[in-house]
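Start at 1 with the first residue, then count along the sequence.
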Amino acid sequence: MNYQNLRKKMVDEQIVARGIRDRRLIDVLYKIERHRFVPQESRSSSYGDFPLPIGGEQTISQPYMVALMTACLSLKGDERVLEIGTGSGYQTAILAELSKEVYSVERIESLAKRAQELLRELGYANIKIKIGDGTLGWSEEAPFERIIVTAANSDIPPPLIEQLKEEGIMVIPLGDRFSQILTVVKKTKDQIIKTEICSCVFVPLIGKYGF
Ligand code: SAH
């Protein structure tokens with residue numbers, strides 16, 4: 001299987017053709033080997049235009065959704081980013097390439113350990129992974145310039161608003177269990193501004209402030 005060709009096709013046809021323009025992000029998508037983040041038996045379809053199962057009833061998000069969420073964060077390179085839902089670690093690797101430090105929380109131990117091992121093997125030294133309930137955030141490391149939640153919730157967990165720095169940006173799918181709207185949240189001195197991006201379907205965020 002020529003993964004490099006599949007990857008180029010994925011970026012050109014699913015990402016660039018749909019309007020993602022962030023050059024740094026596009027270069028990172030060309031580079032990161034998405035097939036390494038999925039179970040062995042699904043590697044041949046890892047560059048397809050859909051999410052894939054990664055075990056524990058969880059999924060690696062569709063490539064375009066990963067790209068769109070990352071683009072919404074407008075990363076420049078000096079940010080500390082909190083990710084809720086490490087899953088496969090694919091999104092985590094992209095964030096690590098585009099920011100200063102990534103703090104990622106995953107509730108399923110087996111997924112967290114697998115992602116941690118792979119990301120270490122790939123040489124990322126700016127990622128910290130914690131097993132736990134991400135709806136509580138990561139208070140010891142707060143505040144964060146950016147927060148990304150890769151599981152669906154009915155509302156923004158209050159600790160995450162708290163832990164987002166002023167002028168910070170959060171991206172989170174908000175809605176019910178079966179369909180959501182990808183939402184960009186900006187925190188200013190005295191208000192929270194929400195912008196709706198598009199409809200989407202994510203697995204549920206499960207925890208104290210989740211489903
Ligand atoms: N970005 C990941 C998405 C994985 S799916 C990827 O593309 O691979 C969402 C993940 O969120 C799942 O791994 C699920 O276990 C995790 N999750 C759900 N609720 C959570 C919570 N409260 N805290 C941390 N992780 C959670």
Please find the pair of heavy atoms, one from [X] and one from [Y], that lie closest to each other, and give the distance.
{"X": "Ala67", "Y": "Leu29", "result": "CB-CD1, 3.9 Å"}
{"X": "Ala115", "Y": "Gly87", "result": "CB-O, 3.8 Å"}
{"X": "Phe211", "Y": "Pro204", "result": "CD1-CB, 3.7 Å"}
{"X": "Asn126", "Y": "Ser99", "result": "ND2-O, 3.7 Å"}
{"X": "Pro157", "Y": "Leu205", "result": "CG-CD2, 4.0 Å"}
{"X": "Val105", "Y": "Gly132", "result": "CG1-O, 3.5 Å"}

Cluster question for you: counting only ILVMFWY and a side-chain heavy-atom cut-off of under 4.5 Å, with indirect links fine, are [X] and [Y] together?
{"X": "Ile192", "Y": "Val149", "answer": "yes"}
{"X": "Ile129", "Y": "Trp138", "answer": "no"}
{"X": "Leu118", "Y": "Leu95", "answer": "yes"}
{"X": "Leu82", "Y": "Met69", "answer": "no"}
{"X": "Val185", "Y": "Leu160", "answer": "yes"}

Strictly distance-based, threshold 3.5 Å: is any side-chain N or O of [X] a donor or acceptor partner for the main-chain N or O of [Y]?
{"X": "Gln180", "Y": "Phe202", "result": "yes"}
{"X": "Lys187", "Y": "Ile161", "result": "yes"}
{"X": "Arg24", "Y": "Leu75", "result": "yes"}

Determine whether [X] and [Y] make a side-chain contact, defined as any pair of heavy atoms from C-beta on separated by less than 4.5 Å.
{"X": "Leu119", "Y": "Thr92", "result": "yes"}
{"X": "Arg18", "Y": "Leu68", "result": "no"}
{"X": "Asp133", "Y": "Arg107", "result": "no"}
{"X": "Leu73", "Y": "Ile148", "result": "yes"}
{"X": "Leu52", "Y": "Ser45", "result": "yes"}
{"X": "Arg80", "Y": "Glu141", "result": "yes"}
{"X": "Leu111", "Y": "Ile54", "result": "yes"}
{"X": "Ile26", "Y": "Arg23", "result": "yes"}

Checklist entry - Is there a salt bridge (charged side-chain N to carboxylate O under 4.0 Å, His left out) between Asp78 and Arg146 once you walk through the steps? => result CA-CA 11 Å; Asp78 57 352; Arg146 299 289 185 267; over 6 Å; no

Checklist outcome for this item: Grouping ILVMFWY residues whenever side-chain heavy atoms fall under 4.5 Å, the cluster of Leu136 otherwise contains Tyr209

Got a salt bridge between [X] and [Y], using NZ or NE/NH1/NH2 to carboxylate O under 4.0 Å?
{"X": "Glu117", "Y": "Lys113", "result": "no"}
{"X": "Arg36", "Y": "Glu33", "result": "yes"}
{"X": "Asp27", "Y": "Lys31", "result": "no"}

Could you grab the distance from atom [atom1] of [X] to atom [atom2] of [Y], nearest 0.5 Å is fine?
{"X": "Asp22", "Y": "Ile20", "atom1": "CG", "atom2": "CD1", "answer": "8.5 Å"}
{"X": "Ser46", "Y": "Leu6", "atom1": "OG", "atom2": "CG", "answer": "7.0 Å"}
{"X": "Leu182", "Y": "Cys198", "atom1": "CG", "atom2": "SG", "answer": "5.0 Å"}
{"X": "Arg34", "Y": "Arg7", "atom1": "CZ", "atom2": "CZ", "answer": "11.5 Å"}
{"X": "Ile131", "Y": "Glu109", "atom1": "CD1", "atom2": "CD", "answer": "4.5 Å"}
{"X": "Tyr47", "Y": "Gln14", "atom1": "OH", "atom2": "CD", "answer": "11.5 Å"}

Next on the checklist: Between Thr135 and Ile84, does the side chain to side chain contact (heavy atoms under 4.5 Å, CB included) criterion hold? Intermediate values first, please.
Outcome noted: CA-CA 8 Å; Thr135 69; Ile84 308 303; 5.8 Å; no

Item to check | Whether Tyr3 and His35 hold their rings parallel, tilted or perpendicular, with breakpoints at 30° and 60° | outcome: parallel

Item to check | Candidate pair Lys76 and Glu79, rule side chain to side chain contact (heavy atoms under 4.5 Å, CB included), full reasoning | outcome: CA-CA 7 Å; Lys76 301 282 172 285; Glu79 302 87 355; 3.5 Å; yes

Just wondering, are more than 12 heavy atoms of other shown residues or ligands nearer than 6.0 Å to [atom1] in [X]?
{"X": "Glu41", "atom1": "CD", "answer": "yes"}
{"X": "Lys130", "atom1": "NZ", "answer": "yes"}
{"X": "Glu162", "atom1": "CD", "answer": "no"}

Next on the checklist: Working note: Leu98 + Val28, criterion side chain to side chain contact (heavy atoms under 4.5 Å, CB included); need CA distance, chi angles, decisive distance, verdict.
Outcome noted: CA-CA 8 Å; Leu98 296 171; Val28 163; 3.8 Å; yes

Next on the checklist: For a side-chain hydrogen bond (donor to acceptor under 3.5 Å, both in side chains) check, start with the C-alpha distance between Tyr124 and Glu97, then their side-chain angles and the critical distance, and finish with the verdict.
Outcome noted: CA-CA 8 Å; Tyr124 291 102; Glu97 294 273 358; 2.7 Å; yes

Item to check | Any pair counted as side chain to side chain donor-acceptor pair (under 3.5 Å), so long as it reaches residues 57-71, sequence neighbours left out | outcome: Asp49-Gln62, Thr70-Gln91

Checklist entry - When you look at Phe144 and Val81, which way does the side chain to side chain contact (heavy atoms under 4.5 Å, CB included) test go after all the steps? => result CA-CA 6 Å; Phe144 301 94; Val81 182; over 6 Å; no

Exercise answer: donor-acceptor pairs, residues 164-177 side-chain atoms, under 3.5 Å, sequence neighbours excluded:
residue, atom, partner, partner atom, Å
Lys165, NZ, Glu145, OE2, 3.1
Asp176, OD1, Phe178, N, 2.9
Asp176, OD1, Ser179, N, 2.9

Checklist entry - Would Asp12 and Tyr30 satisfy side-chain hydrogen bond (donor to acceptor under 3.5 Å, both in side chains), going step by step from the backbone distance to the final call? => result CA-CA 9 Å; Asp12 294 347; Tyr30 277 132; 2.5 Å; yes

Checklist entry - Given the rule in the side-chain hydrogen bond (donor to acceptor under 3.5 Å, both in side chains) test, do Glu83 and Ser104 qualify, once you have shown the distances and angles that lead to the verdict? => result CA-CA 4 Å; Glu83 177 188 44; Ser104 188; 2.6 Å; yes

